[in-house]
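Atoms within each ligand, like the ligands themselves, are counted from 1 in listed order.
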Amino acid sequence: MARVLMTGFAPFGGESVNPSWQAVSLLAARRDDVAAVELPCEFAASLPALRRALVEHRPSLVVCAGQAGGRSEVTPERVAINLIDARIPDNAGARPVDAPVVPDGPAAYFTTLPVKACVAAIRAAGVPASVSHTAGTYVCNQVFYGLMHLLVTEFPGVRGGFVHVPFSPEQVAAAGKPEASLSVDRIADALEAVADTALRVTEDLAVSAGAEH
Ligand code: PCA
């Protein structure tokens, strides 16, 4: 049985691929202890799909990943907020504005991944990384918040969190975008470092990953 559940997203926003799903499925092909599930980029369907995957795989660790176009590094997320404010419609055409992920839920949840140790391990694998303090207000933040809420309410003891990843080179080349990119292979290496670190490290590094803005 897989110890680690990893999710990535379907393509969205006019893209034909999503490197989060490409990297997660690549990693699951490499490792027996990783189960990969693709989540729809839809506000209504993403969390039910995540819950089904948790029930099916019963992991001890959950790492959800999503594309953050424009970022140049792999970024483990520190905090999920109870807010959806969609800039663009999701893949089902829904565009909720200023809605909670969970009505009457807490304002935020912190990740239970050791994000600083994860960043150190990703860098040691040769991939640029930093801790992020915002997962945005779109489907990724919804899934991150929903994951943490599910773990607290239904799957106690299971650790989890969210990692945003840059565009892949094929996306940047196809659209002539100026943004940075990372190959799917290197993103998979980064996610592997996250999984291995989170399985091994329960207390995060006491180093600063702070930011002034
Ligand atoms: N990125 C989007 C949603 C799906 C994805 O891969 C986000 O950052 O919210």
From D189 atom CG to L27 atom CG, the distance as rounded to the nearest 0.5 Å: 8.5 Å

Sequence neighbours left out, what pairs pass ring pair (Phe, Tyr, Trp, His ring centres under 6.0 Å) with at least one residue falling in residues 70-118? Y109-Y145, Y109-H149

Residues S132, R71; criterion side chain to side chain contact (heavy atoms under 4.5 Å, CB included); working and verdict: CA-CA 10 Å; S132 167; R71 288 194 189 175; 3.3 Å; yes

What pairs of residues pass the ring pair (Phe, Tyr, Trp, His ring centres under 6.0 Å) test when at least one of them lies in residues 113-141, not counting sequence neighbours? F12-Y138, F43-Y138

Considering residues at least two apart in sequence or located in another chain, which fulfil the side-chain contact (heavy atoms from CB on, under 4.5 Å) criterion with D104? none

Tell me whether L47 shares a hydrophobic cluster with L151, the cluster being built from Ile, Leu, Val, Met, Phe, Trp, Tyr side chains joined at under 4.5 Å. yes

The answer, listing residues by chain and number that come under 4.0 Å of ligand 1 through any heavy atom, is F9, F12, N18, C41, G66, Q67, Y138, V139, C140, H164

